[in-house]
2 protein chains.
Amino acid sequence: MLTGMSPQTSGDAGQLPSRRIADAVRELITSGELAPGDKLPSERELAHRFGTARNTAREAIRLLTEEALVTPHHGKGVFVREKQRLFRWGNDRYSRKTYRETGLTPFRLEMQRQGKAASIQAVAIDRVTPPLDVAERLNVSPDEESVLRRLNEYHADDEPVQLVTTYVRWSEAEGTPLAEPKTGPGGIYGRLEDKGHTLTTGRDEITARMPTHAEAQFLQTPSGVPVLDVLHTSFDQNGEPFEVSRFVHRADRSGLVYNFPIEN
Amino acid sequence: MLTGMSPQTSGDAGQLPSRRIADAVRELITSGELAPGDKLPSERELAHRFGTARNTAREAIRLLTEEALVTPHHGKGVFVREKQRLFRWGNDRYSRKTYRETGLTPFRLEMQRQGKAASIQAVAIDRVTPPLDVAERLNVSPDEESVLRRLNEYHADDEPVQLVTTYVRWSEAEGTPLAEPKTGPGGIYGRLEDKGHTLTTGRDEITARMPTHAEAQFLQTPSGVPVLDVLHTSFDQNGEPFEVSRFVHRADRSGLVYNFPIEN
DNA sequence: GCATACAAGTGGCTTAAACCAGTTGGTTGC
DNA sequence: GCAACCAACTGGTTTAAGCCACTTGTATGC
């Protein structure tokens, strides 16, 4: 087995030893000789085969981990990453039409499509001073406790999928079900509609970055996997922003889809 | 200087030495004591201050690099990353209205907005067998040389910004200016309109991932910086797809913005 | 004045050895 | 039969040392 992996094979090209090992293993993966789920030779075994120190084989594995090709499990070994089916979120996420037709929220709909059990856990509902970018978009003070924050964790079959933090103005949330765990029929948008805000247009601002420690812990991202950070702003019939949410997704499990008309 | 950085300071919490050093340095950065552009103490200096081996200080720096907080420069030192202003690309990217009003393509417009010189370099124009995802979206065979590929590199002030690969069906491109470096007035979309395809709707599918080696080389991404991968499909007045492009952006320099109406 | 050379700093990579911590499966003892 | 234990594997982290490559400023030689 693993006949392709020997120091002499293919273009060494005067590369660094760690690079050579990484290249050899990567080749085995892309060629299919090592399939997703397969276990790599142990660090000690790799080092011996290539005549290097264990640390050098370890560095090679670190390179592959950074490329998100493999993922190590303490005590068990290093394994070729499984290609996961993506969850897809798009600008139909807010469409009330979909909801009327299926009776499901966008998250539960996507989970059902993939045959997974959806569960949502409320982590915090509190009054806070908003982050700068949220304050700018909601037109509130970044120096006072001017917003209500609702932090939720979303799971698919108990596997963490996304972190969502929703912000609305405290002046509009105070004393309403918005500040309660149960927001009532139509959810948050239902209560905001009571306040005269009809969801009319949305804006999503998307960046990608490496997760913070806390995010990595919750999302269980293997190293080498970034997060998609979506800052959503909801505008009402008057073009006034009334709600901001931040979605943090595992990038290896989530994709975003936007369909839009193009003006001529 | 750097008074905050000593082994005893703050909650060590029985952490690993490398973690302790990373935490201490991160604290200096977030508190502002180390500003963007500042140089960190050298690896040897850090190791000495915390009473560890150089490799341990080095591991701490690796952790911070992975978080994209610092970036090392061979022979010079390790520096706190500058917060860069983002280039912003959105679904107005394809609007012909913007083009008519300014006479600028979306890329040149964004560069002008930031006072940078735009330059676009054609890397390849050739007939190829399409990647699977492109073949699916264009409804062509993934096993033949069924598409024309145009690969371009975009720079801002000679700094690499994005890689764009555009695919159109070979059957429609053959013998037309689409296969030439100069595509003529209105660009690619102009020629495709000649073929009866009026750009009517677009779809962007967005993922994030770590860059391949080749991408990292061109985009000069520091380690710990992912890329945004946008697969765009253009649909004509009949809802038929006629062009697919893949945009690869440095995530630390680019953001995406989508504005969309919400159906009630 | 100016170019060259060099020394001293920086990070980059590797070696070799040791110990820790999680996992697995077989052996032992009841 | 079964539970407890243990040995042998796995990766995780650190130490200590050496050499390489890149950068910078200074000293040297002309």
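In what follows, every chain begins at residue 1, and chains take the letters A, B, ... in the order their sequences are listed.
In this structure, the nucleotide among D:dG12, D:dT10, D:dC19 sitting nearest to the side chain of A:Lys39 is D:dT10. Ranking C:dT15, D:dT13, C:dG12 by closeness to the B:Pro72 side chain, first place goes to C:dG12. For B:Ala53, counting side-chain heavy atoms from C-beta on, the closest listed nucleotide (D:dT13, D:dA16, C:dT14) is D:dA16. With C:dG12, D:dT14, C:dT14 as the choices, the nucleotide that has an atom nearest any side-chain atom of B:Glu43 turns out to be C:dG12.
Between the side chain of B:Arg62 and the base of C:dG12, no donor-acceptor pair under 3.5 Å is found.
Distance, B:Leu64 CG to C:dG11 C1': 15 Å, rounded to whole Å. Nucleotide C:dC13 holds its C1' atom 15 Å from the CD1 atom of B:Ile61, rounded to whole Å. Remark: P of D:dA17 and CG of A:Asn55 are 16 Å apart, rounded to the nearest angstrom. Note: CG (A:Leu40) to P (D:dT10) measures 12 Å, nearest angstrom. If you take CG of A:Leu16 and P of C:dT15, they are 11 Å apart, rounded to a whole angstrom. If you take NE2 of B:His48 and C1' of C:dG9, they are 17 Å apart, rounded to a whole angstrom. Here C:dG11 presents its C1' atom at 15 Å from CD of B:Glu45, a figure rounded to the nearest Å. Rounded to whole angstrom, the span from the CZ atom of B:Arg58 across to the P atom of D:dT15 amounts to 15 Å.
Taking side-chain N and O atoms only, B:Thr52 has no distance below 4.0 Å to OP1 or OP2 of D:dT14. Residue B:Arg54 has no polar side-chain atom (N or O) positioned under 4.0 Å from OP1 or OP2 of D:dA17. Note on B:Ser42: a side-chain N or O is less than 4.0 Å away from OP1 or OP2 of C:dT10.
Contact detail for B:Val244 and B:Arg137: the closest heavy-atom pair is CG2-CB, 3.9 Å.
The existence of a salt bridge linking B:Asp23 and B:Arg20 is excluded, since no basic side-chain nitrogen approaches an acidic carboxylate oxygen closer than 4.0 Å.
Between A:Val128 and A:Glu145, the closest side-chain pair of non-hydrogen atoms is not below 4.5 Å.
Under the side-chain contact (heavy atoms from CB on, under 4.5 Å) test applied with A:Leu163, the options A:Val248, A:Val123, A:Asp229 reduce to a single match, A:Val248.
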Interface polar pairs with nucleotides 20-24 of chain C, N/O, under 3.5 angstrom:
residue: C:dA21; atom: N3; partner: A:His74; partner atom: NE2; Å: 2.9
residue: C:dG22; atom: N2; partner: A:Gly75; partner atom: O; Å: 3.1

Under 3.5 Å, which donor-acceptor pairs link side chains of residues 54-66 of chain A to any protein atom two or more places apart or in another chain?
residue: A:Arg54; atom: NE; partner: A:Glu43; partner atom: OE1; Å: 2.9
residue: A:Arg54; atom: NH2; partner: A:Glu43; partner atom: OE1; Å: 2.9
residue: A:Arg58; atom: NH1; partner: A:Glu43; partner atom: OE2; Å: 2.6
residue: A:Glu59; atom: OE1; partner: A:Arg62; partner atom: NE; Å: 3.2
residue: A:Glu59; atom: OE2; partner: A:Arg62; partner atom: NH2; Å: 3.2
residue: A:Arg62; atom: NH1; partner: A:Glu66; partner atom: OE2; Å: 3.4
residue: A:Thr65; atom: OG1; partner: A:Ile61; partner atom: O; Å: 2.7

